[in-house]
Amino acid sequence: MDHQELLSWVAKASYFLAAVLFILGIKRMSSPVTARKGIVQAGIGMVIATLATFAITGAHNLGLIVAAIAVGVVPTWLWGKKVAMTDMPQMVALFNGMGGGSAAAIGAGELLKFSAPGAAAVPLVTIGLAVLGALIGAVSMTGSVIAWAKLDGRMDKRFTFSGQQAVNFLVFAAAVAAGIALIAWRVEPWLVVTFFVLALLFGILMTLPIGGADMPVVISLYNAFTGLAVAFEGYVMQIEALIVAGMVVGAAGTFLTQLMAKAMNRPISGVLFSNFGGGGSGEAIAGSQKPIEAADAASLLYMAEKVIVVPGYGMAVAQAQHKIWELCQQLIKAGKEVQFAIHPVAGRMPGHMNVLLAEAGVPYDLIADMDDINPEFKTCDVAIVIGANDVVNPAAKTDKSSPIYGMPILDVVNSRQTIVIKRGKGTGFAGIENALFYADNTRMLYADGKEAANQLGAELKAIEGGGGH
Amino acid sequence: MTDGFLYLYIFLLAAFTGKEIIGRVPVILHTPLMSGSNFVHGIVLVGAMIALSHADSTLAKVIGFIGVALGAGNAAGGYVVTERMLEMFKSSKDSK
């Protein structure tokens with residue numbers, strides 16, 4: 001074994017170790033107790049693999065490689081450190097888009113290499129996977145960037161025009177045709193460029209009409225896309241660790257995407273190709289919304305024994321999680337049973353609410369999933385809905401003409417009393433009226449989430465103080 | 001030509017592994033998990049580094065540079081946000 005061979009062996013062995021650490025790391029993330037160790041373990045794997053790669057690259061373009069790593073690591077590291085917890089979904093989308101772009105760049109580089117005059121013949125499978133990985137990676141990149149812009153409030157929620165689906169389909173078909181030409185005909189530089197322009201364009205077009213409420217599914221899907229793209233380019237580069245890590249993420253992401261789509265009772269194709277709320281508008285609701293003042297709402301809480309808090313995206317927007325938890329701590333101290341009910345797609349990412357509540361310091365054993373908490377609403381004295389709308393709308397169960405009919409919901413309507421904290425009378429993302437808000441035992445507390453939690457806390461203290469004398 | 005089948009098996013087994021290890025993850029960890037798996041595909045950095053080391057022409061170097069920078073951003077950013085999220089998960093028993 002000569003020197004170069006030895007170095008390659010060391011690198012390959014390190015990749016194997018990294019792959020093992022990745023799999024064990026993700027496995028450990030399946031429990032809140034070991035999750036932190038899991039990500040650290042995966043991180044160690046990444047550092048080992050990156051350092052070992054220098055054994056293969058040697059001195060070729062070493063300065064460029066180090067500079068590029070610095071350009072990539074420094075800003076994202078600093079940004080990731082200081083970004084607010086509520087902005088996590090768009091950060092995940094952005095970093096995911098970078099991974100897709102990296103895979104697409106590998107594909108572009110390899111395809112251009114194949115097209116160079118005098119290049120050796122390349123097996124069709126290799127060209128095929130290079131093209132496929134590049135297509136998926138490019139779509140994931142621009143799609144994720146659009147998702148980031150939407151979640152970050154930099155872009156209108158939805159962008160639609162007539163004939164949009166036809167245009168999208170044509171662009172997609174053209175990208176696929178260019179890809180097939182690369183595989184079956186020949187790899188020409190102009191064709192490579194055309195192919196990439198079309199693929200990048202399709203990622204943008206595909207994501208533009210999708211609204212904020214569907215973003216959890218979309219980010220998860222693009223995460224799976226990037227995984228697959230990495231795996232395919234891993235085959236092209238003959239690096240097994242990329243294949244294993246990419247494929248594990250691709251499969252896991254696909255599974256997670258299905259899970260979420262199921263939770264919303266919408267097929268993935270429905271998320272991608274139809275606009276939420278574009279269908280029927282549901283039956284009109286009789287009755288009126290009944291407002292309540294913070295003092296009265298506080299006395300309802302004072303008398304309650306069992307309270308369930310139902311947070312939604314509105315809580316994230318209002319940054320109200322800390323104040324809500326303060327209020328809940330007050331209730332717990334007064335001997336009341338408090339739980340948090342989380343709908344699988346509340347917020348903009350699966351588990352988005354859990355992250356925010358964890359940030360505020362809510363212990364995870366007080367947080368319950370939909371299936372566990374739904375039977376509890378029957379014995380609940382007061383349910384507090386803060387910033388959630390469509391996921392608590394009983395029309396999903398009763399009104400067949402409603403666009404959200406069939407979506408599993410939190411059965412807040414079964415609670416004895418419900419207090420809805422909401423800024424105004426507007427409808428939710430889906431643009432549908434919420435029958436819960438018109439129910440006889442529902443009271444609307446019109447206020448900013450943070451402000452409302454503050455007021456409730458103060459009023460509750462006043463009542464407790466008065467009751468003590 | 002038959003070597004391809006070995007890779008096919010790798011693809012297959014890795015896919016099953018991915019589905020299996022995630023099947024038992026509780027909903028409360030879905031976001032960190034998505035973020036964590038997002039970090040793991042940052043391994044694309046390794047492929048991009050090797051591709052850049054082979055680059056000769058200016059165009060190839062530019063593409064390679066972009067690939068490495070994006071891959072490194074994916075890995076670094078993905079790690080930081082995931083770690084920050086998981087740091088916050090505490091049981092009520094821990095805090096007492």
Side-chain angles (χ1 to χ4, degrees), chain A residues 22 26-27 29-30 32 35-36 39 42-43 46 49 53 57 60-61 65 68-69 71-73 76-77 80-81 91-92 95-96 98-99 101-103 105-106 108-109 223 226-227 230 233 237 239 242-249 251-252 255 349-352 354-355 358-359 363-365 369, chain B residues 4 7 10-11 14-15 17-19 21-22 24-25 27-38 40-53 55 60-61 63-83 85-89 91-92:
Chain A
F22 287 158
I26 298 183
K27 175 98 186 69
M29 282 186 222
S30 65
R36 179 103 189 276
I39 182 69
M46 188 69 75
T53 304
T57 60
H60 301 282
N61 293 337
I65 294 176
I69 292 177
V71 165
V73 169
T76 50
W77 186 276
K81 275 277 180 207
M91 294 312 282
V92 173
F95 296 144
N96 178 55
M98 289 182 178
S102 183
I106 294 177
N223 189 36
T226 302
V230 171
E233 299 304 338
M237 302 287 297
I239 310 170
L242 260 65
I243 303 179
V244 172
M247 210 57 206
V248 165
V249 174
F255 182 64
M349 280 206 302
H352 189 183
N354 303 90
V355 172
E359 186 207 9
Y364 56 75
D365 33 13
D369 292 348
Chain B
Y7 281 99
I10 297 180
F11 276 111
T17 307
K19 188 173 180 300
I21 54 178
I22 270 187
R24 299 186 198 103
V25 172
V27 176
I28 85 156
L29 283 173
H30 274 180
T31 288
L33 179 86
M34 185 156 77
S35 178
S37 59
N38 177 39
V40 165
H41 64 52
I43 187 71
V44 69
L45 168 63
V46 165
M49 284 167 72
I50 294 176
L52 177 54
S53 77
K61 281 180 186 168
I63 294 174
F65 189 92
I66 294 172
V68 173
L70 289 177
N74 180 182
Y79 182 82
V80 173
V81 296
T82 310
E83 211 262 349
M85 276 189 238
L86 289 176
E87 198 184 14
M88 298 176 319
F89 281 94
S91 152
S92 57

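All chains are named by letter (A, B, ...) in the order of the sequence lines, taking the proteins before the strands, and each is independently numbered beginning at 1. Only this structure's heavy atoms are used, side chains among them; waters, hydrogens and symmetry mates stay out.
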So, for [X] and [Y], which heavy atoms are closest and what is the spacing to 0.1 Å?
{"X": "B:Val44", "Y": "A:Ser102", "answer": "CG1-OG, 3.6 Å"}
{"X": "A:Asn223", "Y": "B:Ser37", "answer": "ND2-OG, 3.0 Å"}
{"X": "B:Val40", "Y": "A:Ile26", "answer": "CG2-CD1, 4.0 Å"}
{"X": "A:Met98", "Y": "B:Asn74", "answer": "SD-N, 3.9 Å"}
{"X": "A:Ala108", "Y": "B:Ile63", "answer": "CB-CG2, 4.1 Å"}
{"X": "B:Ala15", "Y": "A:Ala251", "answer": "O-CB, 3.1 Å"}

[X] side, atom [atom1]; [Y] side, atom [atom2] - distance, nearest 0.5 Å:
{"X": "B:Ile43", "Y": "A:Ile239", "atom1": "CD1", "atom2": "CD1", "value": "8.5 Å"}
{"X": "A:Met237", "Y": "B:Met49", "atom1": "CE", "atom2": "CE", "value": "11.0 Å"}
{"X": "A:Thr226", "Y": "B:His41", "atom1": "OG1", "atom2": "NE2", "value": "4.5 Å"}

Report task. Sort A:Glu233 into side chain, backbone, both or neither according to what part of it lies under 4.5 angstrom from a heavy atom of chain B. Result -> neither
Query raised in the report: Taking side chain as C-beta onward, heavy atoms only, is A:Thr57 less than 4.5 Å from B:Leu52?
Result: no
Requested in this report: Report the option among A:His60, A:Met247, A:Glu359 that has the most heavy-atom pairs separated by less than 4.5 Å from atoms of chain B.
Outcome: A:Met247
Report task. Look at A:Ala49, A:Ala103, A:Gly99 and state which one has the largest set of heavy-atom pairs under 4.5 Å with chain B. Result -> A:Gly99
**Report entry** A:Asn96 side chain vs B:Asn38 backbone, donor-acceptor pair below 3.5 Å
**Finding:** no
